[in-house]
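Indexing begins at 1, ligand by ligand and atom by atom, following the structure's order.
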Amino acid sequence: MYGLVNRALQQLVCTNCGEETWNAVRARAGVQEEVFMRMDSYPDEVTHRLVAAASEVLHRPAEELLKEFGHYWMKYTMVEGYGALLSDLGPTLHSALAALDGMHARVSLLYPALKPPMFRVTDMTPEGMSLHYHSERVGFAPMILGLVEGLGERYGVQLEIRHAAVKGGEHDHDRFDIRLLPAVGAA
Ligand code: HEM
């Protein structure tokens, strides 16, 4: 995974819990790097170990941390200068989810070794949709919960998202069912 991701994880832990906690996470994960270079590729194992160690140090389930990380990623990428990519995702949450692969394709112009996930949107209605998530990686699916909620916030949409099918066994990919909630005050 590109260092950009590990940097964001480091910043999330440092901002919420302080640098000492991050150093404890890093030590527990057996990760030597004090700084991750955003444009360098690191083995996925590094990210996995950091998430597992953060879960142990913070006494929080890894899934919960990954969801929070998904939320944070939406803010982090803005601050890091990728806001234009998010602004080009079209006028609605529906259009944005349908445009994710195109967005990552643009990211890969900057990060040539990118191995982006792939998404497909089905069952689109005004009330919601299903988002199919394909990745050669395992273990990052809970991130989608926070990412999609964060995207929803950008569009001023409140939503419920459910991890409806988990990759493995009969499912060759993860599926998330998304239901848009009526705006507060709407009739
Ligand atoms: C401007 C915004 C974004 C940027 C710059 C960006 C960039 C990246 C980068 C650099 C990676 C690491 C992949 C690698 O190193 O091979 C990544 C992974 C990922 N991205 Fe994005 N991304 C953005 C927005 C999003 C959004 C909105 C979603 C979904 C709603 C998303 C879903 C994911 C997921 C799930 C991964 C984990 C890798 C995997 O599942 O295989 N990203 N992205």
> Does any donor atom in the side chain of Asp174 or His132 lie under 3.5 Å from an acceptor atom in the other side chain?
Replying inline: no

>> Could you report the tightest heavy-atom contact between Phe69 and Leu12, atom names first, then the distance?
In response: CA-CD2, 3.9 Å

Starting from the N and O atoms of ligand 1, collect every protein N/O partner closer than 3.5 Å and put each pair on its own line with the distance to 0.1 Å.
from     : atom 1 : to     : atom 2 : distance (Å)
ligand 1 : 15 (O) : Tyr2   : N      : 2.7
ligand 1 : 16 (O) : Lys115 : N      : 2.8
ligand 1 : 16 (O) : Arg137 : NH2    : 2.8
ligand 1 : 20 (N) : His104 : NE2    : 3.1
ligand 1 : 22 (N) : Trp73  : NE1    : 3.3
ligand 1 : 22 (N) : His104 : NE2    : 3.1
ligand 1 : 40 (O) : Tyr133 : OH     : 2.4
ligand 1 : 40 (O) : Ser135 : OG     : 3.3
ligand 1 : 41 (O) : Ser135 : OG     : 2.6
ligand 1 : 41 (O) : Arg137 : NH1    : 2.9
ligand 1 : 42 (N) : His104 : NE2    : 3.1
ligand 1 : 43 (N) : His104 : NE2    : 3.1

> Under the ring pair (Phe, Tyr, Trp, His ring centres under 6.0 Å) test, which residues partner His134, sequence neighbours left out?
Replying inline: His173

> Charged N to carboxylate O under 4.0 angstrom, Arg7 versus Glu80?
Replying inline: no

Pairs under 3.5 angstrom only: tabulate donor-acceptor contacts from the side chains of residues 45-53 to other protein residues two or more places apart or in another chain.
from  : atom 1 : to     : atom 2 : distance (Å)
Thr47 : OG1    : Asn6   : OD1    : 2.8
His48 : NE2    : Val138 : O      : 3.3
Arg49 : NE     : Ala29  : O      : 2.7

> What pairs of residues pass the side-chain hydrogen bond (donor to acceptor under 3.5 Å, both in side chains) test when at least one of them lies in residues 82-97, not counting sequence neighbours?
Replying inline: Tyr82-Tyr111, Asp88-Arg106, Thr92-Ser95

